[in-house]
2 protein chains.
Amino acid sequence: MTRLAGSSKLLRAINESATLALLLDRGTLTRGDLRELTGLSKPTTSEVMRRLTDAGLAVVVGHTSGGPGPSAEIYAANPAAGHAIAISVREAGRPHLSAVLCDLAGAEVARAEVAAAADPLPAVTGLVDDLSRRAGLAPGSTRLVQLALPGSYDPAAGVIRHIDVPGWDRPGLVADLAARLGATVAADNDVNLAAIAERHHGVAGAVESFALVWFSGGLGLAIDLGGTLLRGARGGAGEIGYVPVGLGRGADRTDLTDLVGGPAVLRLAGTHGIAAATPEAAVAAAVSSADAGPFLDALAERIAYGLAAVAAVLDPPLVVLAGDVGRAGGEALATRVTAALRATTPLDPAIAVTGVPGDPVLRGAQAAANHALRAQIIASSAPR
Amino acid sequence: MTRLAGSSKLLRAINESATLALLLDRGTLTRGDLRELTGLSKPTTSEVMRRLTDAGLAVVVGHTSGGPGPSAEIYAANPAAGHAIAISVREAGRPHLSAVLCDLAGAEVARAEVAAAADPLPAVTGLVDDLSRRAGLAPGSTRLVQLALPGSYDPAAGVIRHIDVPGWDRPGLVADLAARLGATVAADNDVNLAAIAERHHGVAGAVESFALVWFSGGLGLAIDLGGTLLRGARGGAGEIGYVPVGLGRGADRTDLTDLVGGPAVLRLAGTHGIAAATPEAAVAAAVSSADAGPFLDALAERIAYGLAAVAAVLDPPLVVLAGDVGRAGGEALATRVTAALRATTPLDPAIAVTGVPGDPVLRGAQAAANHALRAQIIASSAPR
DNA sequence: CGGAACGTTAGGCAAGTTGGCTAACTATTG
DNA sequence: CAATAGTTAGCCAACTTGCCTAACGTTCCG
């Protein structure tokens with residue numbers, strides 16, 4: 001609980017934050033709208049807007065017309081009041097960075113892709129400077145950088161774990177980046193950010209909670225509980241590759257990675273006479289061919305096994321199949337998984353295919369960056 | 001986000017709530033302490049305390065002495081400002097209710113146990129009236145009733161699911177109770193409430209999050225994430241009895257209940273030559289005997305299998321073994337489970353035995369009731 | 001059909017209310 | 001006597017109510 005107490009300054013700060021938050025949420029509002037939404041009086045609303053525009057946080061974007069009376073000014077949060085950069089990091093032979101610079105309104109201002117050098121520090125700072133210059137921003141005016149990582153970030157220890165990209169596992173890297181950039185640097189798992197994209201741009205817009213299963217070379221799970229992501233003790237929640245299958249021990253031991261990890265999917269495709277270079281290609285081939293039902297059925301059964309364990313622990317109303325393999329499987333795979341799950345357990349979450357177009361990880365990072373930037377701007381409008 | 005805006009009245013409400021919350025949290029405080037904690041000035045602190053005492057929410061409980069200057073008044077939240085009742089419901093041949101009435105400070109005022117009639121409505125109202133009368137409270141002065149149920153409550157549908165106690169599955173029962181009692185009625189799963197007890201009185205006081213596994217006749221899991229419990233889409237989170245074991249289908253299918261449910265534990269004990277009437281008796285016998293290692297090892301291995309699935313999804317820093325069987329197993333079982341888990345998975349949550357004495361469900365319900373009552377009182381001190 | 005009157009709405013200004021702060025003062029106790 | 005608890009008085013900041021002006025669309029009469 002926020003234990004706040006204070007005097008008139010606090011009141012002013014509260015009212016300004018509330019007004020700015022409304023502008024950010026709803027886009028454009030007139031003074032009259034704000035008056036109704038905040039419950040404040042006309043003079044106060046005017047004063048608050050005067051302060052917000054003076055501070056460069058709000059701008060007049062138009063005038064009403066058509067009705068009786070004078071035209072009212074339409075306000076919006078100033079899109080240029082802050083900028084954030086989302087960076088997706090992945091390993092593709094060498095470190096590869098995709099980045100988007102967007103403004104406070106969430107609009108994309110600049111975009112870049114680089115095959116980076118080994119040392120992350122100059123790679124990221126160079127990318128940030130490049131984007132800022134191309135967007136015509138003063139260097140250092142980016143207030144927030146969101147990293148999407150193929151690993152898990154432990155903020156308590158300040159270290160990125162389980163990451164295969166060289167140089168990125170150095171302790172203190174995130175803090176060093178923040179110091180060098182003069183910006184807040186947030187870091188999160190790529191699958192978690194894909195889940196954020198799913199909530200903003202995909203099929204999970206309306207649900208209270210959902211779980212997103214990421215099938216690709218690796219295997220991952222993101223758990224969204226009412227809009228906040230579950231991260232676990234050391235950022236390790238959702239490592240469902242370790243879910244055990246059967247009671248085997250030692251060499252006999254089997255886990256979910258052995259069942260539906262990338263190599264396992266390729267092997268399964270092979271036993272059904274489907275040869276492909278990647279698991280997603282194998283699944284795509286199966287979906288488009290006429291007689292590949294048995295392969296998909298077998299794969300769905302394995303996926304359903306993993307989902308049964310997840311559903312028994314979390315009981316999510318919706319499970320989204322994502323990642324290259326999940327997307328390639330499409331509705332054909334989703335309906336088979338649903339059937340397999342219903343046949344084996346009494347739990348019945350809805351199963352859907354990801355609805356995010358393009359690069360879900362970068363889109364999710366962009367959404368997360370924008371969200372954090374808004375929170376930062378709202379908080380900064382209320383000093384102390 | 002609470003989007004609040006307002007005038008001086010809001011300020012006063014904020015300051016009063018903050019002060020009352022501090023009193024509830026810290027027990028006893030002088031005006032000077034409050035001044036320091038809230039940052040308010042001397043006259044304002046006096047005014048706030050005058051209002052709180054006038055409203056009967058705070059009382060003077062003593063005076064400082066020893067230092068120079070006049071003695072300062074020591075304030076506390078008025079324990080009699082509100083009362084709550086915790087009721088644990090279970091099936092024992094016939095419906096059985098255990099109840100505790102406690103005041104705002106959390107102190108027990110009265111206690112009752114009844115083997116109740118079939119209809120829950122008169123049983124509960126009778127119990128509440130009886131406790132109130134014995135505590136010398138005016139009828140209807142109890143503002144909050146917390147129910148602990150061997151089932152899951154779906155607040156959206158207003159129905160208690162998966163409950164074996166006759167009469168308690170009637171739709172609308174909780175709302176009817178609230179109307180008849182003129183009080184807020186909260187309902188929660190008994191294992192969830194045992195987890196709350198574990199946080200307040202047991203071994204989970206300091207951790208950020210933990211999972212509590214309940215071994216008894218049935219099998220349950222409570223997930224505490226930073227003090228809030230995960231409940232799932234339809235209150236079904238933690239139904240780990242459904243976690244599948246191996247890829248069998250149909251009659252061949254095995255789940256965790258078949259492995260570590262009460263009957264399964266009894267059977268396992270039997271194969272190791274231990275005969276007992278209940279699973280907890282079997283485990284207790286094994287722990288106290290010298291040569292029952294093999295049984296405990298086998299049981300620990302099965303438990304570790306279930307925990308591996310839970311840990312892969314949630315990555316909790318701590319797992320507490322609770323319920324009759326978990327408590328009977330004690331440290332002997334916990335160390336074996338730890339070893340078995342380390343041997344099979346790379347995940348390494350700490351494993352501990354429940355540290356809650358007495359009836360953990362009722363204690364947890366009492367803690368939950370007290371917490372909700374405090375929130376209610378704080379909220380009611382800030383009108384609108 | 002054109003223009004003036006009317007009603008409606010945006011926004012500003014002035015006076016009044018509320019709540020909290022500072023500073024000075026009184027009272028109390030080791 | 002020195003230090004501290006608590007009160008009183010006056011001030012300030014922020015919000016509200018009520019009223020005013022100006023702008024705009026509509027309507028109605030000449």
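Side-chain atoms are counted along with the backbone in the values below, which use heavy atoms only and exclude waters and symmetry mates. Just so you know, these numbers come straight off a predicted model, no measurement behind them. Residue numbers start from 1 in every chain, and the chains themselves are labelled A, B, ... in the order their sequence lines are given, proteins ahead of strands.
With respect to A/Thr184, the side-chain hydrogen bond (donor to acceptor under 3.5 Å, both in side chains) criterion is satisfied by exactly one of A/Gln376, A/Gln146, A/Arg143: A/Gln376. Under the side chain to side chain contact (heavy atoms under 4.5 Å, CB included) test applied with A/Val109, the options A/Leu137, A/Ile85, A/Leu101 reduce to a single match, A/Leu101.
Taking atom CZ of A/Arg50 as the reference point, atom C1' of D/dA14 lies 13 Å away to the nearest angstrom. Rounding to whole angstrom units, CD of residue B/Glu36 and P of D/dG6 are separated by 14 Å. In this structure, the CD atom of B/Glu16 is 10 Å from the P atom of C/dG19, given to the nearest Å. The nearest whole Å value for the distance from the NZ atom in A/Lys9 to the P atom in C/dG19 is 19 Å. Taking atom CG of B/Leu29 as the reference point, atom P of D/dG6 lies 13 Å away to the nearest angstrom. What separates CD of A/Glu73 from P of C/dG12 is a distance of 8 Å, to the nearest Å.
The two residues B/Thr142 and B/Ala84 have their closest heavy-atom pair at CG2-CA, 4.2 Å.
Surrounding NE2 of B/His201 are more than 12 heavy atoms belonging to other residues, nucleotides or ligands, all under 6.0 Å away. With a 6.0 Å radius and a threshold of 12 heavy atoms from other residues, nucleotides or ligands, B/Glu108 has its CD atom above the threshold.
One distance of note links OG of A/Ser7 with CD1 of B/Ile14; it measures 11.0 Å at 0.5 Å rounding.
Between the side chain of A/Arg199 and the backbone N or O of A/Val207 there is at least one donor-acceptor pair closer than 3.5 Å. With hydrogens and angles ignored, the 3.5 Å screen pairs a side-chain donor or acceptor of A/Asn15 with a backbone N or O of B/Gly6.
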Strictly under 3.5 Å: I want the nitrogen or oxygen pairs between protein and nucleotides 28-30 of chain C, one per line.
residue: C/dT28; atom: O2; partner: B/Pro70; partner atom: N; Å: 3.2
residue: C/dT29; atom: O4'; partner: B/Gly69; partner atom: O; Å: 3.0
residue: C/dT29; atom: O2; partner: B/Gly69; partner atom: N; Å: 3.2

Strictly under 3.5 Å: I want the nitrogen or oxygen pairs between protein and nucleotides 15-18 of chain D, one per line.
residue: D/dC15; atom: OP1; partner: A/Asn15; partner atom: ND2; Å: 2.7
residue: D/dT16; atom: OP2; partner: A/Ser41; partner atom: N; Å: 2.9
residue: D/dT16; atom: OP2; partner: A/Ser41; partner atom: OG; Å: 2.6
residue: D/dT16; atom: OP2; partner: A/Thr44; partner atom: OG1; Å: 2.9

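At the phosphate of D/dG6, OP1 or OP2 sits under 4.0 Å from a side-chain N or O atom of B/Arg31. An OP1 or OP2 oxygen of C/dT9 is reached within less than 4.0 angstrom by no side-chain nitrogen or oxygen of A/Arg35. Note on A/Ser46: a side-chain N or O is less than 4.0 Å away from OP1 or OP2 of C/dG12.
Salt-bridge formation is not detected for the pair A/Arg133/A/Asp129: no Lys NZ or Arg NE/NH1/NH2 atom is positioned less than 4.0 Å from an Asp or Glu carboxylate oxygen.
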